[in-house]
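Values below: every heavy atom of this structure, side chains too, minus hydrogens, waters and symmetry copies. None of the values given here were measured: they were computed from a predicted structure.
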Amino acid sequence: MPIYEYRCQQCQGVSSFFVRSISAAFEATCDACGSGDMERRMSTFALGKTTAAVHEANPTGSSSRDYYRDPRNIGRHVEETFARHGVAMPDTVRQSIDSARSGEAPKGIDL
Ligand SMILES: [Zn+2]
């Protein structure tokens, strides 16, 4: 699941996108100003890091910009809340987190 970052040529804002397939038609638009004048950048975090390494580099709830841009941080708060209360996480929750991390939209949400 490639993750692309685009820099807006209008406002210089950076937006990240999951792209299901490299060959799929894809038009990036700026999160900030809606411009379609975007230039692709290589994503810094998507390259060669394991989930564990990403988690280690970004403590849960970290306010670092990369924390929320990295899909591998999705659901960590949920995981830790279940663990803290000693409750087993239901399979459905586990599956939604795993599929969100792999870039799939949760059921019922159209990207
Ligand atoms: Zn923009």
Side-chain angles (χ1 to χ4, degrees):
M1 180 63 56
I3 299 164
Y4 292 159
E5 285 192 346
Y6 285 76
R7 180 180 291 280
C8 176
Q9 302 302 293
Q10 300 300 316
C11 74
Q12 304 301 310
V14 175
S15 307
S16 306
F17 302 91
F18 297 104
V19 181
R20 287 182 178 276
S21 150
I22 290 174
S23 58
F26 177 70
E27 266 185 60
T29 51
C30 177
D31 281 347
C33 73
S35 166
D37 189 6
M38 304 288 279
E39 182 180 87
R40 191 167 135 205
R41 318 162 74 214
M42 278 311 291
S43 178
T44 47
F45 61 73
L47 306 169
K49 279 192 200 164
T50 65
T51 299
V54 169
H55 286 186
E56 196 171 329
N58 296 279
T60 305
S62 159
S63 57
S64 101
R65 273 158 41 99
D66 285 347
Y67 184 80
Y68 287 106
R69 298 166 97 196
D70 194 317
R72 286 165 292 201
N73 285 323
I74 292 171
R76 285 176 65 195
H77 181 73
V78 176
E79 285 176 340
E80 288 174 19
T81 302
F82 275 106
R84 192 163 57 239
H85 293 285
V87 177
M89 183 180 289
D91 284 349
T92 49
V93 176
R94 178 75 265 161
Q95 281 162 14
S96 347
I97 291 174
D98 287 344
S99 61
R101 284 178 180 173
S102 69
E104 287 172 30
K107 286 192 184 70
I109 294 182
D110 250 334
L111 284 181

Determine all donor-acceptor pairs shorter than 3.5 Å in which one atom belongs to a side chain in residues 85-94; sequence neighbours excluded.
{"from": "R94", "atom 1": "NE", "to": "D98", "atom 2": "OD1", "distance (Å)": "3.4"}
{"from": "R94", "atom 1": "NE", "to": "D98", "atom 2": "OD2", "distance (Å)": "3.4"}
{"from": "R94", "atom 1": "NH1", "to": "E79", "atom 2": "OE2", "distance (Å)": "2.9"}
{"from": "R94", "atom 1": "NH2", "to": "E79", "atom 2": "OE2", "distance (Å)": "3.0"}
{"from": "R94", "atom 1": "NH2", "to": "D98", "atom 2": "OD1", "distance (Å)": "2.8"}

Review point. Hey, is the main chain of Q12 close enough, under 3.5 Å, to the side chain of R7 for a donor-acceptor pair?
Key: yes

Check your understanding: Closest approach of M38 and S15, non-hydrogen atoms and distance?
Key -> CE-OG, 3.9 Å

Point to revise | Counterpart residues, side-chain contact (heavy atoms from CB on, under 4.5 Å), relative to A32 (two or more places apart) | key: C11, C30

Practice item. Please round to the nearest 0.5 Å and tell me the distance separating atom OG of S16 and atom CG of D31. Key: 8.0 Å

Point to revise | For D37, side-chain contact (heavy atoms from CB on, under 4.5 Å) partners two or more places apart | key: Q9, Q10, S35

